[in-house]
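These notes concern the structure reproduced below.
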Amino acid sequence: METNASENAALLGSNLRAMESDVRQRENLATAPATVAFIDIAGFSAIADIYGDAAALDVLEVFEGMVRAALSGYDPPIKWIGDEAMLSFPEPDTAIQVLGPLLQACRKEPRLPLTRTGLNHGPVVRRAGDLFGSTVNVAARIAALAAPGQLLATQPVAEAAVARGILVRDLGMVAIRSVAGEVPLYEIELAPSADPAWIDPVCKMHAPYSSYRRAAPDGPWFCSPQCEEAYRRSLRPMRFRADGLKPRRGNLLTLALRSEIKLV
């Protein structure tokens, strides 16, 4: 009996030490810093709705190819979430080195709508090739706040941009969903700023040159008659069934025409 008790105590002690070691390893992983970036195609859903899935896939393949080319010599994307790429860099300066040429190339590519980008730097948890934690969550939510053609970032990334002489605009303290308190945000101009007057309100394409004209003198600019018609349809009053439960015809562009949160 005494032998069994000793063996059980030794086994218990061994298990506790293993658990403590595992906790320490996880704590070390959680303190490993990274600069996390999310970049997506602002008008991707509208392109699929209006031009079809095949056209949207063509646009996505162009974007994926540009991301792969920009990351040559660096770690590949952590993952793709639809049209959104999640990227990771060891520090803000590397992120700026990679994203600068990428975003400029995206602006020059006539087949791509404008992109939206969000960056954050801080501790992350690495597991099975993926990243987790508050740093990742904040980066994703910052990207969702960005207007078409805009890059938003937190202070560590902004400081790295300033050190490189890149134009940075202080947007002040901004509330971010599920984050206690407000976060200082900055707009970083890694690519030329998009003129809102020349952004198609549907697919978020930007007019490639100044000779483009709006459909109406004071109205928005459209890249095509299809986008113009979709926009006009979205402005019509929605009709409801007699029982008031569901609309007869859903709004084609619920996602694409959702009001953007503009910080500048």
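Computed from a predicted structure; not experimentally measured.
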Is there a side-chain contact between [X] and [Y], using heavy atoms and a 4.5 Å cut-off?
X	Y	value
Tyr51	Cys227	yes
Met205	Pro110	no
Pro33	His121	yes
Met86	Val136	yes

Output yes when Arg169 and Glu189 qualify as a salt bridge under the 4.0 Å nitrogen-oxygen rule, no when they do not. yes
Indicate if [X] and [Y] have the same hydrophobic cluster label, given that clusters are the connected sets of ILVMFWY residues with side-chain heavy-atom separations under 4.5 angstrom.
X	Y	answer
Phe38	Leu114	no
Val162	Ile166	yes
Trp80	Met66	yes
Val67	Phe89	yes
Phe44	Leu103	yes

Which one of Leu99, Val98, Thr35, Asp75 satisfies the side-chain contact (heavy atoms from CB on, under 4.5 Å) criterion with Leu87? Leu99
How far apart are the C-alpha atoms of Val62 and Leu112, what are their side-chain angles, what is the distance that settles it, and do they pass the side chain to side chain contact (heavy atoms under 4.5 Å, CB included) test? CA-CA 8 Å; Val62 171; Leu112 281 187; 4.2 Å; yes
Hey, mind stepping through Val59 and Arg111 against side chain to side chain contact (heavy atoms under 4.5 Å, CB included) and telling me if it holds? CA-CA 7 Å; Val59 171; Arg111 294 170 292 178; 5.7 Å; no
Quick one, Leu131 with Val125, criterion side chain to side chain contact (heavy atoms under 4.5 Å, CB included). Give me CA distance, side-chain angles, the key distance, then yes/no. CA-CA 6 Å; Leu131 299 182; Val125 176; over 6 Å; no
